[in-house]
K.L.:
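Below is the structure I would like to discuss, written out as structure tokens.
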There are 2 protein chains.
Amino acid sequence: MTLHRVTTTGRVVDLLREQILSGALPEATLLRQEKLAAEFGVSRVPIREALHQLEAEGLVTMQSHKGAVVSSLSIDDLEEVYEIRARLETWLLEQSMPLLSEPHFQKAEALFAQMVEDRRDENWSNLNWDFHATLYEPANRPQTLALVRKLYLNAYRHFPLPIRLTGSREKMNREHQVLLDLCRQGDVARASAHLEQHILMGARHLISRLKALRRQEADTGRA
Amino acid sequence: MTLHRVTTTGRVVDLLREQILSGALPEATLLRQEKLAAEFGVSRVPIREALHQLEAEGLVTMQSHKGAVVSSLSIDDLEEVYEIRARLETWLLEQSMPLLSEPHFQKAEALFAQMVEDRRDENWSNLNWDFHATLYEPANRPQTLALVRKLYLNAYRHFPLPIRLTGSREKMNREHQVLLDLCRQGDVARASAHLEQHILMGARHLISRLKALRRQEADTGRA
DNA sequence: TACAGAAAAATTGGATTCAATATTCAATTC
DNA sequence: GAATTGAATATTGAATCCAATTTTTCTGTA
């Protein structure tokens, strides 16, 4: 177990990524190197290296001599990412279900209970991911899991947390409960279909909330 | 139409990526900043920024104060990447097939003819990708297409070109021909199944060649 | 000879400095 | 008065310089 590199660049990358994925730095935010350098108390060099790295991850876009901005996903892109997730996650579930055993169910149920109980929005994303990942874990597909996780985080960002949860929490809980039941019953076909619906409905909800938000912004802008 | 940024870092990224994906820089190659800087006639700063970017793309791995190496895919990882491709590309094909029209067929046939004719190995990868992409294009899934392309290139590298083509060219051509025919006939189910086999067989071939190569290297190393 | 430890060299990471490009804003022209 | 040019300012891109870390080499000892 190697205790990873602790370079300034690495820390800046982690910090910025966290702030972008959490929504603290919303899309289209201009990232000034000097400002970030002052904020973190370092020179501009590690800032720029971090920005290049985040650009490769798709989280920011850089234009030479102009600056870096937090990149945004169009609604179409967002929908497509969810569809990719649906395609890959159902596949993971189909592979893992025959291998799911009691410890997995118990872990998933514990995470589910936490999600129902913990009302703090900021914990929801991680719990939700851990819940899903637990069900996929026996498939033993590390590359796929890592890829899906990246898509998950990338799609979930940009939205102030309360917004993306409003009015969907109870629904999500019910769907997770059904998914768990179907997994326990070993009904692969229905579990997979349910998961697909779960993901695509999530996308629909998010997109409708996003559109409402944009309409609202346009209205206040006009007023 | 913006004439893109021409920064030193950007050019270095493109050059290194090209060399890695083409196999000119094989896996596990140590990338010395000073050496690369001298080679490209620039300072170490843009080299380092480029390495960070390529690390985020997964093409190199960096260890602090030790150096950067061209990252390698294990055989298991390689196989998994091919399976992801199979899962996503069949999906793309299923969506695009109902929308395929004559211009697409003609473009695909032209690319196919070029692949049959052009014996130069170094053109094969790009032609092959263009052929596949042509069939997926009507699906209008830019994110998925970009993702699959990345997986395609990433998996195909590391192998000296002649090695990965030896003994598979004729087979590939036959399979492409069948795929084209099935697409023209509009038989979605069979085309999709054939494409899946095509991709998975490609993986099997590549892996067996790779294992043979490693055995051979071990033998000569022992001798 | 084999090994441990310290000095030296090599290499990377980060700060500072300089150069190139973009933006801002005032002066000028129509 | 509006548009345009150009100087001043701000910001990024890259080179050089210094610090921190790792690797190698050398030396002394068992």
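A note on names: the letters A, B, ... follow the listed sequences, proteins ahead of strands, and every chain is numbered from 1. Computed over heavy atoms, backbone and side chain alike; hydrogens, waters and symmetry mates excluded.
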K.L.:
In whole angstrom, what separates B/L30's CG from D/dT23's C1'?
P.N.:
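My rounded result for the distance is 12 Å.
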K.L.:
Kindly assign one of parallel, tilted or perpendicular to the pair B/F131 and B/F112, based on the angle between their ring planes and the thresholds 30° and 60°.
P.N.:
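Tilted.
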K.L.:
B/L31 near the nucleic acid: base, sugar-phosphate alone, or nothing, with a heavy-atom cut-off under 4.0 Å?
P.N.:
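Sugar-phosphate contact only - B/L31 comes under 4.0 Å of backbone atoms but never of a base.
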K.L.:
Could you tell me whether the side chain of A/S71 and the main chain of A/G58 form a donor-acceptor pair under 3.5 Å?
P.N.:
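At least one qualifying donor-acceptor pair exists.
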K.L.:
Is the phosphate of C/dT12 approached by B/S64 (side-chain N or O, under 4.0 Å from OP1 or OP2)?
P.N.:
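Looking at the OP1 and OP2 atoms of C/dT12, neither is under 4.0 Å from any side-chain N or O of B/S64.
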K.L.:
Would you check if there is a donor-acceptor pair between the side chains of A/E80 and B/T144 at a distance under 3.5 Å?
P.N.:
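The answer is yes; a qualifying pair exists.
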K.L.:
Round to a whole Å and report the spacing from NZ of A/K35 to P of D/dT11.
P.N.:
11 Å
K.L.:
Which residue pairs satisfy the salt bridge (Lys or Arg N to Asp or Glu O under 4.0 Å) criterion with at least one member in residues 81-97 of chain A, sequence neighbours excluded?
P.N.:
A/E83-B/R141, A/R85-A/E89
K.L.:
Nearest-Å distance, CE (B/M62) to P (C/dT11)?
P.N.:
15 Å
K.L.:
Find out whether A/L195 and A/I199 are in side-chain contact, i.e. whether some heavy atom of one side chain is under 4.5 Å from a heavy atom of the other.
P.N.:
yes
K.L.:
Any donor-acceptor pair under 3.5 Å linking the side-chain atoms of B/S125 with those of B/N128?
P.N.:
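There is no such pair between these side chains.
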K.L.:
Check whether the side chains of A/E196 and A/T90 place a donor and an acceptor atom closer than 3.5 Å, and report yes or no.
P.N.:
no
K.L.:
Side-chain N or O of B/Q33 versus OP1/OP2 of C/dG13: is the shortest distance under 4.0 Å?
P.N.:
yes
K.L.:
Taking only the side-chain heavy atoms of A/K66 (C-beta and beyond), determine which of C/dT12, C/dA22, C/dG13 contains the nearest atom.
P.N.:
C/dA22
K.L.:
So does B/Q63 get a side-chain nitrogen or oxygen closer than 4.0 Å to the phosphate oxygens (OP1/OP2) of D/dT22?
P.N.:
no
K.L.:
Specify the separation, in whole Å, of atom CG of B/L36 and atom P of C/dT11.
P.N.:
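Whole-Å distance recorded here is 12 Å.
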K.L.:
Tell me which residues in residues 38-49 of chain B put a heavy atom below 4.0 Å from DNA chain C, sorted by number, or none.
P.N.:
B/R44, B/R48
K.L.:
In whole Å, what is the span from the NE2 atom of A/H65 to the P atom of C/dA22?
P.N.:
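Computing the A/H65:NE2 to C/dA22:P distance gives 7 Å.
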K.L.:
Taking only the side-chain nitrogens and oxygens of A/T8, find out if one of them lies under 4.0 Å from OP1 or OP2 of C/dG14.
P.N.:
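Yes, such a contact exists.
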